[in-house]
**Student:** 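Take this structure first; my questions come after.
Source: prediction; values computed, not measured. So that the names make sense, note that chain A is the first sequence line, chain B the second, and so on, each numbered from 1.
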Number of protein chains: 2
Amino acid sequence: MTRPPTQDPRRTLTLRDVSEASGVSEMTVSRVLRNRGDVSEATRERVLEAARSLGYVPNKIAGALASQRVNLVGVIIPSLSNMVFPEVLTGISDVLEDTGLQPVVGVTNYQPEREETVLYEMLSWRPSGLIIAGLEHTDASRAMMMQAGIPIVEIMDIDGEPVDSAVGISHRRAGRQMAEAIIAAGYRRIAFLGTQMPNDHRARKRLEGFEAALAKAGLALADREFYSGGSALLKGREMTEAVLKRTPDVDFLYYSNDMIGAGGLLYCLDQGLDVPGRIGLAGFNGVELLDGLPRQLATMDACRLEIGRAAAGIIAGKRPGGVIGGEVIELTPKLQLGATIRAVTPEPGKAPAAP
Amino acid sequence: MTRPPTQDPRRTLTLRDVSEASGVSEMTVSRVLRNRGDVSEATRERVLEAARSLGYVPNKIAGALASQRVNLVGVIIPSLSNMVFPEVLTGISDVLEDTGLQPVVGVTNYQPEREETVLYEMLSWRPSGLIIAGLEHTDASRAMMMQAGIPIVEIMDIDGEPVDSAVGISHRRAGRQMAEAIIAAGYRRIAFLGTQMPNDHRARKRLEGFEAALAKAGLALADREFYSGGSALLKGREMTEAVLKRTPDVDFLYYSNDMIGAGGLLYCLDQGLDVPGRIGLAGFNGVELLDGLPRQLATMDACRLEIGRAAAGIIAGKRPGGVIGGEVIELTPKLQLGATIRAVTPEPGKAPAAP
DNA sequence: AGGCGGGCTGTTAGCGTTAACATAGCAGCC
DNA sequence: GGCTGCTATGTTAACGCTAACAGCCCGCCT
């Protein structure tokens, strides 16, 4: 079946090689390989056989230049290491798979200048669409996106002004809702534990919403603790210990993500604390991981898969050239109370005593 | 600073636009933007200013076609969702960052046909190198890689015959070593818990090595349990429960990855089992996550970061065209006993009684 | 004076493919 | 018989950029 290649292996093959091997013009070969235009069954067979036996792989660079079409979609995200973006990617791939489009991923590590570089690099490959996390970008980045002439979808967040389209949730509202649930459950001495990341705007917005809701109830954060780097689970433990030492009377710990929340939960259980009686906990994201914890952590689903799907859908839906201007899709995360917020609502306005 | 673009926004800019705006030839613009060749400081300034104010982004497609050089390195991995490949990617990016090369990631979901498609797609962009997980590929995939005329590095595994270069660890040996450590610690009724993935060849090889070492000590697996899909932590719990119910006298659980191992550990602790006295546990990978667990799980570091670095180093080191033929780099994973294998070695050959 | 070399800029000819148009062959039909 | 209308194939000219080479200008050396 696989005959040894007659071809000199050092030179890479072109359409011409296939054309010579099959005795038709390059154009016909091109048509066969792209399934475009009418080609007789006999020639088609002959060309395919020639291409296969030579091991010809088309050169998309030349193809893209000639046709002014590129089947790539740029995806720019801040990180790959926290489970949330990989899931968004899965949503994106799911949808793009049937469209002939291919995602190309770039990672910024939460650095705006890095984002600018990655964006520049991506746009220089003239992708037919771009999906980028967040609404906060440098002026130069925004300018590039606006100039690019392709559909742009900013994802994860909708609290702000998108360049073109946007798909995401309102993190401010998510923070607010969580605060309301916590207050409703009767907790009053509430601490926040999060990442030290000036450029994680979504975490920042959640905290803002959270504090706003507290303020509305006449409360303020009892304590706050930040970390950066290291194993999130371990950091969750350490931060929790620190907060509990420093502010022994806290009765609720709100974590900026589930991973440190899980660490905190494990710590509290180790210490024999009554969760959620003596102390309540909540995280953010709804990562699958949580299902295996000794107790289900309260959290809020960030709709990651759905965001990826919707964003890809927008890109795939826009016919090339038909940039019609942005649409904004707001998804609503659902609160999962889990088993770390007590269900009973004590008489409102009256702070419950610790047991 | 940012003047409104005089340019009609529907047309995308070319070198010619910048050339006209700055009054020099396209070639000179090209030279300025690539920092190649001599250009007077005055012209350079003028060109850069023009490019900036127009918002020009070079077209790498045309550039790559003309120069026959592409600064992309294909990276093909089976999955993004289990923490291990993202870390490999980090290692790759770290090294490539300073070389002007850029990784482009493709994901196969452990499907050989998908790998073939992704590979074809990647090669059609004529990358200057390829990093691909595993040594097992379809015939067609191997043929494509051999034809491609670029450096290929197969990563993660070295138990097999690479197409070109390889960087990884011996999973067979890793399994063997773990088995030896377990036996040395006096455990005798040993079960295996892993993923049901016919195409995860590395997990398979670890198990083979593990069983070989058991056999050498006159032992066989007391039980085995497989899963697929779902939250790994939760699955770890469920599988552990199943094994303990079915084979109550097991005294060691060997997991194919740390995540399910962590689930198992949490389950055992929940059940009040004496770990590592009554029962020992071990996983594989050395994920950072483990640091936050109530007890440090025994595991074996898979050298993920290092593999990424070394693979990228090979690609970056090979001068274009100078495909000199493969080198194989074997890394040695180190066993981390953690706190879930007992340290004391009872009299060899004598199975210890459960407490 | 004439020639040489170095710094700077321009010209020409592709890179491998595809869009658009041209052509060949052939059947059908008045 | 010539015209129409189709199918199957070929030809030509880009696509936007860069390699390679060709100039030009000017200072400096012999």
**Student:** Expressed as a whole number of angstroms, how long is the span from E41(A):CD to dT9(D):P?
**Tutor:**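 About 11 Å, once rounded to whole Å.
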
**Student:** Can you see if the side chain of T43(B) gets near the phosphate of dT9(C) - specifically, an N or O under 4.0 Å from OP1 or OP2?
**Tutor:**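 T43(B) to dT9(C) OP1/OP2: side-chain N or O found under 4.0 Å.
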
**Student:** Below 4.5 Å, heavy atoms only, C-beta onward: do L65(A) and I61(A) meet side chain to side chain?
**Tutor:**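 They are not in contact (no side-chain heavy atoms under 4.5 Å apart), so the answer is no.
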
**Student:** Between dT9(D) atom P and R44(A) atom CZ, what is the distance in whole Å?
**Tutor:**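 Rounding to the nearest Å, CZ of R44(A) and P of dT9(D) are 10 Å apart.
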
**Student:** Any side-chain heavy-atom pair from L80(A) and L89(B) closer than 4.5 angstrom?
**Tutor:**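 A side-chain contact under 4.5 Å exists here.
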
**Student:** In the 5'-to-3' direction, what one-character label does each nucleotide of nucleotides 11-27 of chain D receive under the scheme B = base within less than 4.0 Å of a protein heavy atom, S = sugar-phosphate only, - = no such atom?
**Tutor:** B---BBBBB--------

**Student:** Please examine the side chains of T138(B) and R142(B), heavy atoms only from C-beta on, and report whether any two atoms are closer than 4.5 Å.
**Tutor:**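 Sidechains of T138(B) and R142(B): no contact.
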
**Student:** Examine distances only and state if a side-chain atom of N71(A) and a backbone atom of G100(A) form a donor-acceptor pair shorter than 3.5 Å.
**Tutor:**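 Answer holds: yes.
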
**Student:** Can you tell me if R46(A) uses its side chain to pair, donor with acceptor, with the backbone of S22(A) under 3.5 Å?
**Tutor:**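 Yes, the answer is positive, given that a donor and an acceptor are paired below the 3.5 Å cut-off.
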
